[in-house]
**Student:** 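Below: one structure in structure tokens.
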2 protein chains.
Amino acid sequence: MNINEIAKLANVSRATVSRYFNDGYVSAEKREQIRRVIEETGYKPSAQAQMLRTKKTKQIGVIIPKINSESISGMISGISKELKQAGFWLLLANTENQEREEVEYLKLFSENQVDGIILIGTIFTPAHKRALRALQVPVVVLGQKLEGYSCVYQDDYLAAKESARMMLKDAKHPAYLGVTKRDHATGEERFRGFLDVLEEKGIDWDNSFYEESAFSVEDGYEAMGRLWERHPEIDAVFGATDSVALGALGWLQEHQIRIPQQVAISGVGDTVSGRIVAPKLSSVHFFYQTSGQEAARLLLELMNGNPAGKEIKMGFRTEERGTTRQTAI
Amino acid sequence: MNINEIAKLANVSRATVSRYFNDGYVSAEKREQIRRVIEETGYKPSAQAQMLRTKKTKQIGVIIPKINSESISGMISGISKELKQAGFWLLLANTENQEREEVEYLKLFSENQVDGIILIGTIFTPAHKRALRALQVPVVVLGQKLEGYSCVYQDDYLAAKESARMMLKDAKHPAYLGVTKRDHATGEERFRGFLDVLEEKGIDWDNSFYEESAFSVEDGYEAMGRLWERHPEIDAVFGATDSVALGALGWLQEHQIRIPQQVAISGVGDTVSGRIVAPKLSSVHFFYQTSGQEAARLLLELMNGNPAGKEIKMGFRTEERGTTRQTAI
DNA sequence: TTGTAAGCGTTATCAC
DNA sequence: GTGATAACGCTTACAA
């Protein structure tokens, strides 16, 4: 069933049928004939033919590092909601934390397939920047700030400061659990926020209070163990993500350390798990789903010809809970 | 840059260029000429033109009820891994728990767009079945068993039995938290498993020990409160999912009820959160990611002409932890 | 307001 | 082995 057959059945030319679906420049009479035939046959124009002809696919490529995470899936949920409403499909590219794959997908998407791209990235290597510059379609960067590109990101620096303040209070020996490279937003920015709070409070930073931990509960648990071995005097722990903080919490509780009396802990991200443990994890809430929606909207604007470079920094909400002392002693 | 220009630059016909990419019926000499031109120009055939011509999109539609859930995102992760390897793209359709949308997307996908569909559904209404029958492309149902269709699903019945056995042990007044309708697998099947264990143990079931709870921690918490008001003699709680069980755990702990001494709890799904709380939640582990991979493989087989109807029931692993008594008293 | 005709960039058929 | 040539199903000038 194609446009020719519909045209024949409706006694019009195929151009008229096409117009029926597009500009709508059709007389009431023929409009009705066509409508009837379409209803009877259940005809739908071939998306592929339309794509070829119009050079528009109505598909948006979304590149993500990993799907099994509250933050990413929240963002995707927001993106999908917004795109659906605008009549776009979501083409998902999962890189499984392989940076090279991000570049690969950027190229693949650019050459074909999609009208726009949303990149939920972690770090921007020279290869990334080259691929981004070579892009033929609009792109929005989500979760990171990137000069010269439209982007939507969390206020990682300020959020980390707030989280650090909760944890710090009257503590003398704070520690940091996370990474400081390979991820600009959750790495460098959060660490910077943490350090600045220390400075505010006049606490000198000794780098042996930093312990590297990937962003999972297990890694946080292990890292806490290594940290404690070096510094059992620690009285506050900052987890760069809730997962890390929860891993640390687990380790400390298993070792009979009282939370928050002996050690205070705070995280970033406000995950479901953090609200389930006892005591509940002090954290900072990000609006992941909304940021996904914002990114999608930004992309739609871009595709409508708006200039690139608009930046949206999302707000956050501090959630002080049981793992930090409510009042300074 | 299209196939004609490449042909001209390489001094061959465009048919030869096409063959270069497809059947490969090209002499070594011309092959080399074409290769060079392609390398220089960075030419890639237009996916849209190929789709139109071959009637193959190399895209798979994946319909999901909701993305923010460990089970669904695990499945998608598995699907995406497998599809990528086979050179297929993943077109994501998020229904946000609107059953009607599932039917809508089935139609949309069928008419166009995709070479195959993976449906992660919850329930099958007559409308669903009509849409499935009308499908023009192969489909695999993931997470539910559906007669006559290729499907991959968890052994919800047996898993629920195992979970119920852990929780039950010497308990006299077990309760059930979950739903029994709107979701065949996580609703009916798990409830059936629960009831059968009760029968095994010779415990009569009184339906006032059932309390409806949607699958979230908050709902589990609320439901537990309602349940306890009716039956403070409860000594074991079965959560149809880990989230529900965790909500119940939270409520009970807040009310000074000792777990597992006074009340034992078990869940289904083995989420990250369940491993973080203290005591850790006894549960049953499902292989969500693997089931996604299996579904993708099944779909690839289907698209290769294999007959539909193959069913894959996934295994599971019992995880007895702190919320159930390790040994019967 | 409608129809004719060209063309989007491929692949498939069929001679050569 | 290779090259014309004809689709695939649609949109869009342009002419009427």
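Naming convention: chains lettered A, B, ... in sequence-line order (proteins, then strands); numbering from 1 in each chain. Given the structure is predicted, the values throughout are model-derived calculations rather than measurements.
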**Student:** Main chain of B:E5, side chain of B:N2: is a donor-acceptor contact present, judged purely on distance under 3.5 Å?
**Tutor:**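 The answer is yes, because a donor-acceptor pair under 3.5 Å joins these two groups.
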
**Student:** Separation of B:Q113 atom CD from D:dG9 atom P, in whole Å?
**Tutor:**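 Rounding to the nearest Å, CD of B:Q113 and P of D:dG9 are 16 Å apart.
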
**Student:** Check the distance between C:dC8's C1' and A:K56's NZ and give it to me in whole angstrom.
**Tutor:**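 Nearest whole value for this atom pair: 14 Å.
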
**Student:** Walk me through it: do B:L142 and B:L119 pass the test side chain to side chain contact (heavy atoms under 4.5 Å, CB included)?
**Tutor:** CA-CA 6 Å; B:L142 176 52; B:L119 171 62; over 6 Å; no

**Student:** Distance check needed: C:dC8 P versus B:I3 CD1, whole Å only.
**Tutor:** 14 Å

**Student:** Base, sugar-phosphate alone, or nothing: which one does B:T54 contact when heavy atoms must sit under 4.0 Å apart?
**Tutor:** sugar-phosphate

**Student:** Atom CD of B:Q33 and atom C1' of D:dG1: how far apart are they, to the nearest Å?
**Tutor:** 13 Å

**Student:** Taking the side chain as every heavy atom from C-beta outward, state whether B:I118 and B:V139 have any atom pair closer than 4.5 Å.
**Tutor:** no

**Student:** Determine: side-chain N/O of B:Q50 to OP1/OP2 of C:dT11, distance under 4.0 Å, yes or no.
**Tutor:** yes

**Student:** Hey, does the side chain of A:D115 reach the backbone of A:K58 with a donor-acceptor pair shorter than 3.5 angstrom?
**Tutor:** yes

**Student:** Among C:dT11, D:dT12, C:dT10, which nucleotide has an atom closest to any side-chain atom of B:N4?
**Tutor:**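 Of the options given, the side chain of B:N4 lies nearest C:dT10.
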
**Student:** Please find the pair of heavy atoms, one from B:G143 and one from B:Y153, that lie closest to each other, and give the distance.
**Tutor:**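 Smallest heavy-atom distance, with atoms named: C-CB, 3.9 Å.
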
**Student:** Provide, to the nearest angstrom, the distance between the CG atom belonging to B:N22 and the C1' atom belonging to D:dG1.
**Tutor:** 16 Å

**Student:** Between P on C:dT2 and CD1 on A:I6, what's the gap in Å once rounded to a whole number?
**Tutor:**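 It is 17 Å, rounded to the nearest whole Å.
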
**Student:** Do other residues, nucleotides or ligands put more than 12 heavy atoms under 6.0 Å from B:K84 NZ?
**Tutor:**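 Atom NZ in B:K84 is crowded, with more than 12 foreign heavy atoms closer than 6.0 Å.
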
**Student:** At under 4.0 Å, does any side-chain N or O of B:K55 touch on OP1 or OP2 of C:dT11?
**Tutor:**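 Checking C:dT11 against B:K55, no side-chain N or O comes under 4.0 Å of OP1 or OP2.
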
**Student:** Taking the side chain as C-beta and beyond, is there a heavy-atom pair between A:F88 and A:L300 under 4.5 Å?
**Tutor:** yes

**Student:** Identify each atom pair where a protein N or O and an N or O of nucleotides 2-6 of chain D are less than 3.5 Å apart, giving names and distance.
**Tutor:**
| unit_1 | atom_1 | unit_2 | atom_2 | d |
| --- | --- | --- | --- | --- |
| D:dT2 | OP1 | B:S27 | OG | 2.7 |
| D:dT2 | OP2 | B:S27 | N | 2.7 |
| D:dG3 | OP1 | B:K30 | NZ | 3.4 |
| D:dG3 | OP2 | B:S13 | N | 3.1 |
| D:dG3 | OP2 | B:S13 | OG | 3.3 |
| D:dG3 | OP2 | B:T16 | OG1 | 2.5 |
| D:dG3 | N7 | B:R19 | NH2 | 3.0 |
| D:dG3 | O6 | B:R19 | NH1 | 3.3 |
| D:dA6 | N6 | B:R14 | NH2 | 3.2 |

**Student:** Separation of A:F21 atom CZ from D:dT11 atom P, in whole Å?
**Tutor:** 8 Å

**Student:** Whole angstrom is fine here: how far is it from OH in B:Y43 over to P in C:dG9?
**Tutor:** 10 Å

